[in-house]
There are 2 protein chains.
Amino acid sequence: MPKAPASNHPACTEAARFAAVPPGAPPDPSVCPVRDVLDRIGQKWPLLILIALEPAPLRFSNVQRAVGDISKRMLTQTLRDLERDGMLTRRVYPTKPPSVEYALTALGRSALDPIAALAAWADLHHDTIRAARQQFDAA
Amino acid sequence: MPKAPASNHPACTEAARFAAVPPGAPPDPSVCPVRDVLDRIGQKWPLLILIALEPAPLRFSNVQRAVGDISKRMLTQTLRDLERDGMLTRRVYPTKPPSVEYALTALGRSALDPIAALAAWADLHHDTIRAARQQFDAA
DNA sequence: AGTTATAGTCTCGGATGTAGACCGCAGTTG
DNA sequence: CAACTGCGGTCTACATCCGAGACTATAACT
């Protein structure tokens, strides 16, 4: 088997787009939207950062404190990625210890609707999951 | 600063639980529900597997084909994790080439509501995000 | 003078993930 | 008969990722 093109995934409602691409056309590496976007926000750090910024914009250190256990390295990188995707803005204030404020954009804020639903689900089913784990581990 | 306990995260509605723990009590490593659950389903493979199983139960190889570019190793491990969390069931049929069927549980199915919302959001805003990326990369 | 706070960058080592070989077994194909 | 395929994994080797911690410069505070 020649290995799937890594894109014809059932959740991708635009899968037909790929079937319609004439052979020989540019490969269009931005696979199906679900994959492309989930590769970003379907991870814990971006999710947690967006959640942390929901009540109010925060500066770098405050984001780190809010998330808790993210390394500076990951924080920097994830903030850059989110900025690149238009989910948040980065504004530098030329104060003496320079301060940088990260704020959600409208797009980032709109992402919080499904994310909040996910968080609510997590909160609601946490006990069930913990029970399932205990039962599984017992066997 | 002695580093945050990695749990008092604004989205955690049960943060008070930790403040209420008497000092010296067992550390209870299962931090806030949001963190605990997001560490699992806030990753791309579990998400994509749950989405793949939504229309119908699938066997191992079919899950791999549906997801597209997951390695067997990761697939095995992620399926085990999801089984442990009670999100899906694993049933072995003693056919000659043995077949193993993975099916969502009620819990797993319930997780698909917020996940589908996330996928719908991804689909809807994909073009906006791609545009933001192009603009960012131009600078 | 030394400490603190700011927002990062850099490097190192360990954890994590991927690719691919391999297994035993049965049906299919040459 | 003999080779190959598909099944559900496991195992090994390699690559990549990620966290911990050191380091930067500047200015205020002790």
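Quick caveat, the model's predicted, so the values are computed rather than measured. Proteins come first, then strands; the chains are lettered A, B, ... in the order of their sequence lines, and each starts at number 1.
Rounded to the nearest 0.5 Å, atoms CG (B:D85) and NE2 (A:H125) are 13.0 Å apart. One distance of note links CG of A:L79 with CZ of A:F60; it measures 6.5 Å at 0.5 Å rounding.
Comparing D:dA20, C:dT6, C:dG8 against the side chain of A:S71 picks out D:dA20 as the nearest. Among the nucleotides D:dC7, D:dC18, C:dA7, the one closest to the side chain of A:Q77 is D:dC18. Checking C:dA7, D:dC7, D:dG9 against the side-chain heavy atoms of A:K72 singles out C:dA7 as nearest. Across D:dC18, C:dA7, C:dT6, the shortest atom-to-atom separation from the side chain of A:P97 is found for C:dT6. Minimum atom distance to the side chain of A:T76 is reached by C:dG8, of the listed D:dG8, C:dA7, C:dG8. The side chain of B:M74 lies closest to C:dG17 when the candidates are C:dT11, C:dG17, D:dG9. In this structure, the nucleotide among D:dG8, C:dT6, D:dA20 sitting nearest to the side chain of B:V100 is D:dG8.
Between A:R73 and C:dG13 there is no side-chain N or O to OP1 or OP2 distance below 4.0 Å. A:W45 has no side-chain polar atom (N or O) that falls below the 4.0 Å cut-off from OP1 or OP2 of D:dC17.
Between A:Q43 and A:K96, the residue anchored nearer the 5' end of DNA chain D, judged by the nucleotide with its closest heavy atom, is A:Q43. Of the two residues near DNA chain C, A:L79 and B:K44, the one whose nearest nucleotide lies more 5' is A:L79.
When heavy atoms are screened at a 4.0 angstrom cut-off, B:R59 is found touching the sugar-phosphate backbone but no base atom. Using a 4.0 Å heavy-atom cutoff across all strands shown, B:Y93 reaches no nucleic acid atom at all.
Look at CD1 on B:I70: it is 16 Å from P on C:dG20, rounded to the nearest Å. For the pair B:E101 CD and D:dG9 C1', the interatomic distance rounds to 17 Å; values are reported in whole Å. Whole-Å rounding puts the A:L75 CG to D:dG21 P distance at 17 Å. In this structure, the OH atom of A:Y102 is 7 Å from the C1' atom of C:dA7, given to the nearest Å. Atom P of nucleotide D:dC18 and atom CD of A:Q64 are separated by 16 Å, given to the nearest angstrom. If you take CG of A:L58 and P of C:dG8, they are 14 Å apart, rounded to a whole angstrom.
Salt bridge A:E101/A:R91: present, at least one basic N to carboxylate O contact under 4.0 Å. Note on A:D36 versus B:R133: salt bridge recorded, some NZ/NE/NH1/NH2 to OD/OE distance being below 4.0 Å. Classification of A:R35 and B:D69 as a salt-bridged pair holds, one side-chain N sitting under 4.0 Å from a carboxylate O.
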